[in-house]
Undergrad: 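Handing you a structure now.
So you know, we letter chains A, B, ... as the sequences are listed, proteins then strands, and number each from 1. All values reported here derive from a predicted model rather than from experimental measurement.
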Amino acid sequence: MLQVPYIRQNKELVLEKLAVKHFKETHLVDEILALDDKRKKLTLEYDDTQAQVNSLSKEIGKLMAQGKKEDGEAMRAKVNELKEHLAPVNEALNATEKELLDTLVKLPNLPSPLVPPGKTPEENVEVKQHGDIPALYEGAVPHWDLAKKYDLIDFELGNKITGSGFPVYKNKGARLQRAMIQYFLDYNINAGYMEYAPPYLVNETSAFGTGQLPDKEGQMYHATEDNFYLIPTAEVPVTNIYRDEILKDTELPIRMTAYTPCFRREAGSYGKDVRGLNRVHQFDKVELVQLAHPEKSYEALDEMVAHVESLLQSLQLPYRILRLCGGDMSFTSALTYDFEVYSAAQQKWLEVSSVSNFESYQSNRMKIRFKEANGKPQLVHTLNGSSLALPRIMACILENNQTAEGIHIPAVLQAYFGAGKIQ
RNA sequence: GGUGAGGUGCCUGAGUGGCCGAAAGGAACGGUUUGCUAAACCGUCGUACGGGUUAAACUGUACCGAGGGUUCGAAUCCCUCCCUCACCGCCA
């Protein structure tokens, strides 16, 4: 969430930037400032009255110790009077603080100046395209057919065990999946990221911290008995590792990577691009998370983009990089680059990675801060990106690398996979 | 799941109603001195939100797992929840 003092000092700029995101409820800005004024006023009243209570209470203690009971009793009556006045003030203050927070989380993050102004996915800006679109042989088919032909993935079996969108990987399909996870993690570790294996269920506080709660609650699976949420991405548990911590500036940047399954209800997205691996409820992903100094977070973003790019290049997949426009960006992001790989058999681009800078939007929720020598604590910037989401990479490798003699495995994966081909 | 003991600052750890935002030790940081990769000594050493100031200084409130309660006054008493440890039960 945004910081109130920032909103106060830059109100016009905030409104301009909200417009880039096509955010309509701009009245919230004034509401926030009004609530903050109210909060300050009530705080002042509460603090002053409580200060009187505190000092009188101390005197009562002294009087009682000296045996001056009557004076003490008189003062006690006075304190009780003050406290009667205090109760409604305190109540109003708590209610105002809650309302302020509730309103504040309704404001999205502000877009960086680099964000294009568009509204729809068509208006995203292609920053780069790399690699040749492969010309497939005549018998080429989409990955769901290949999965059957080579016995790699069983979609129907997933229906039986759980429901739609829970594919079962088997044989070489399972092994290829595992090979990719291993390769991606190794690749990230070599680039200086520390590996974590975090929990796949998180509590409410963690889900709030990265911005999944309160507004995206319907997208997560909820284990109601214990009030835990199944993670929609490793971003949630990994970023929360440093929740409520104050780091030293010398510890930044912090680079973390984690493999986890991801669980997404995908409510409301039925019927669109759901065939095969294109959209599933459970999938595997290797994630990158960085905590960076505010002045260096855009360098970190570029570094992550370059990192994901080199990873895709090593897999020899044709890809393009999009800079998302204001209307297509996520609520919490300040700048996002999407990576898409080209699926030759489906003849379309599939998103496989999304790399974003959240600036201090998440860290303000999580209170992840750092301190320079003799300085005050300030918020870090958080970033994350996929490296990579597995299903669509799998789909593209199967489709783009299919030949009459089998499916060619990218050279960098062969050692992990244990063969050069699926036949 | 049951029973018992606990949760205090970066760490260890004292504190069972006012003198406690909190002893002491350690770590860390700054300095002095000596100087074979170190010791001794001195100092600093929480956070948030207000007031105040050009900025400071200064000052108020809150925070001793979380939330509530009792009291003139709570780290300290009571309740609920969360977590940790030990033992028992169950179990990969």
Undergrad: Determine whether the aromatic ring centres of A/His293 and A/Phe370 lie less than 6.0 Å apart.
TA: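 Centroid separation for A/His293 and A/Phe370: below 6.0 Å.
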Undergrad: Between B/U80 and B/G4, how many Å separate the two P atoms, rounded to a whole number?
TA: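 Those two atoms are separated by 13 Å.
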Undergrad: For this output row, return yes or no: ring centroids of A/Tyr361 and A/His381 closer than 6.0 angstrom.
TA: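 Distance test on ring centres: not under 6.0 Å, no.
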Undergrad: Of the listed nucleotides (B/A28, B/G46, B/G51), which one gets closest to any side-chain atom of A/Lys371?
TA: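 The nucleotide sitting nearest to the side chain is B/G46.
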Undergrad: Should B/U12 form a Watson-Crick or G-U wobble pair with both distances under 3.5 Å, which nucleotide is its partner?
TA: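 By the stated definition (distances under 3.5 Å), B/A24 pairs with B/U12.
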Undergrad: Does B/C90 pair with anything, Watson-Crick or G-U wobble, both distances under 3.5 Å, and if so, with which nucleotide?
TA: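 Per the H-bond distance test, none.
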Undergrad: Starting from C1' on B/G46, measure out to NZ on A/Lys367 and report it in whole angstrom.
TA: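 Distance check: A/Lys367 NZ to B/G46 C1' gives 17 Å.
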Undergrad: When you measure from the side-chain N and O atoms of A/Lys62 to the phosphate of B/C19, is any distance below 4.0 Å, counting only OP1 and OP2?
TA: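 So the side-chain polar atoms of A/Lys62 never come under 4.0 Å of the phosphate oxygens OP1 or OP2 of B/C19.
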Undergrad: Say you pick atom C1' in B/G9 and the same atom in B/G65; how far apart are they, in whole Å?
TA: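 To the nearest whole Å, 14 Å.
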Undergrad: For atom C1', what is the distance between B/A39 and B/U47, given to the nearest Å?
TA: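 One C1' to the other, the span is 34 Å.
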Undergrad: If B/U76 has a Watson-Crick or G-U wobble mate with both distances under 3.5 Å, name it; if not, just say none.
TA: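 None - no nucleotide pairs with B/U76, as no candidate has both distances under 3.5 Å.
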Undergrad: What interatomic distance, in whole Å, is found between C1' of B/C64 and the corresponding atom of B/U8?
TA: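 4 Å, rounded to whole Å.
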Undergrad: Listed by chain and number, what are the ring pair (Phe, Tyr, Trp, His ring centres under 6.0 Å) partners of A/Tyr319, not counting sequence neighbours?
TA: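 For A/Tyr319 the ring pair (Phe, Tyr, Trp, His ring centres under 6.0 Å) partners, ignoring immediate neighbours, are A/His130.
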Undergrad: With both distances kept under 3.5 Å, what pairs with B/U32, Watson-Crick or G-U wobble?
TA: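 Its partner is B/A40.
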Undergrad: Would you tabulate the nitrogen or oxygen pairs shorter than 3.5 Å linking the protein to nucleotides 76-83 of chain B?
TA:
none

Undergrad: Is there a side-chain contact between A/Arg369 and the phosphate of B/U47, meaning an N or O under 4.0 Å from OP1 or OP2?
TA: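 Checking B/U47 against A/Arg369, no side-chain N or O comes under 4.0 Å of OP1 or OP2.
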Undergrad: Could you work out the separation of B/G67 and B/A86 based on their C1' atoms and round it to a whole Å?
TA: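 It works out to 28 Å between them.
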Undergrad: Could you list all the side chain to side chain donor-acceptor pair (under 3.5 Å) pairs where at least one residue sits in residues 166-178 of chain A, not counting sequence neighbours?
TA: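 Residue pairs with at least one partner in residues 166-178 of chain A: A/Asp151-A/Lys170, A/Asp151-A/Asn171, A/Gln177-A/Asp284.
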Undergrad: Please give the distance between the C1' atoms of B/U61 and B/G7 as a whole number of Å.
TA: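 The answer is 26 Å between these two C1' atoms.
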Undergrad: What pairs of residues pass the side chain to side chain donor-acceptor pair (under 3.5 Å) test when at least one of them lies in residues 385-401 of chain A, not counting sequence neighbours?
TA: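 Listed once each, the pairs are A/His143-A/Glu399, A/Asn188-A/Ser387, A/Ser343-A/Glu399, A/Gln346-A/Glu399.
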Undergrad: Once you apply the 3.5 Å cut-off to both distances, tell me the Watson-Crick or G-U wobble partner of B/U70, or none.
TA: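 Pair assignment: B/U70 / none.
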Undergrad: Could you measure between the two P atoms, the one in B/U12 and the one in B/G18, and give it in whole Å?
TA: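 Straight-line distance between the two P atoms is 26 Å.
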Undergrad: Between A/Asp226 (CG) and B/G1 (P), how many Å, whole number?
TA: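 Rounded to the whole Å, the gap is 9 Å.
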Undergrad: Quick one: look up who B/U47 pairs with, Watson-Crick or G-U, both distances under 3.5 Å, and put none if it's unpaired.
TA: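 Per the H-bond distance test, B/A62.
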Undergrad: How many Å lie between CG on A/Asp249 and C1' on B/A28, as a whole number?
TA: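 Going from CG in A/Asp249 over to C1' in B/A28 covers 14 Å.
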Undergrad: Measure CD/A/Glu251 against P/B/C10 and give the value in whole Å, please.
TA: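 These atoms are roughly 13 Å apart.
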Undergrad: In whole Å, I'd like the distance from the CD atom of A/Gln3 to the C1' atom of B/A48.
TA: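 Computing the A/Gln3:CD to B/A48:C1' distance gives 13 Å.
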Undergrad: Between A/Ser333 and A/Thr336, is there a side-chain donor-acceptor contact under 3.5 Å, judged purely by atom types and distance?
TA: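 Note: A/Thr336 and A/Ser333 side chains meet the donor-acceptor criterion.
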Undergrad: Give the rounded distance in Å between these two atoms: CD of A/Gln378 and P of B/U47.
TA: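 Atom CD in A/Gln378 sits about 13 Å away from atom P in B/U47.
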Undergrad: Assess the side chains of A/Thr260 and A/Lys285: does a donor N or O sit below 3.5 Å from an acceptor N or O?
TA: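 Checked: A/Thr260/A/Lys285 side chains show no N/O donor-acceptor pair below 3.5 Å.
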Undergrad: Extract all donor-acceptor atom pairs below 3.5 Å that involve side chains of residues 71-92 of chain A and protein atoms in other chains or at least two apart in sequence.
TA:
{"unit_1": "A/Asn80", "atom_1": "ND2", "unit_2": "A/Arg76", "atom_2": "O", "d": "3.4"}
{"unit_1": "A/His85", "atom_1": "NE2", "unit_2": "A/Glu45", "atom_2": "OE2", "d": "3.1"}

Undergrad: Establish, yes or no, whether the cationic atom of A/Arg264 lies under 6.0 Å from the six-membered ring centre of A/Phe283 and within 45° of the ring axis.
TA: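 Verdict for A/Phe283: no cation-pi partner in A/Arg264.
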Undergrad: Under the 3.5 angstrom rule, does the side chain of A/His307 hit a backbone N or O of A/Leu288 as a donor-acceptor pair?
TA: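 No, A/His307 side chain to A/Leu288 backbone: no donor-acceptor pair under 3.5 Å.
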Undergrad: Could you tell me the separation between the CZ atom of A/Phe370 and the P atom of B/C10, rounded to a whole number of Å?
TA: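 Going from CZ in A/Phe370 over to P in B/C10 covers 18 Å.
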Undergrad: Just by protein heavy atoms under 4.0 Å, how would nucleotides 52-75 of chain B read 5' to 3' in B, S and -?
TA: --------BSS---------BS--
Undergrad: In whole Å, measure the gap between the C1' atoms of B/A57 and B/A66 for me.
TA: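 Looking at atom C1' only, B/A57 and B/A66 are 36 Å apart.
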Undergrad: Go through the side-chain N and O atoms of A/Asp338 and A/Ser354 and say whether any donor and acceptor fall under 3.5 Å apart.
TA: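 Judged by distance alone, the side chains do pair up.
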Undergrad: Going by purine N1 to pyrimidine N3 plus the second Watson-Crick contact, or the G-U wobble pair, all under 3.5 Å, which nucleotide sits opposite B/U84?
TA: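 WC or wobble partner is B/A5.
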Undergrad: Rounded to the nearest angstrom, tell me the gap between atom CG in A/Leu101 and atom P in B/A48.
TA: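 Atom CG in A/Leu101 sits about 17 Å away from atom P in B/A48.
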Undergrad: Which residue lies toward the 5' end of RNA chain B, A/Asp36 or A/Pro377, if each is placed at its nearest nucleotide?
TA: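 The answer here is A/Pro377.
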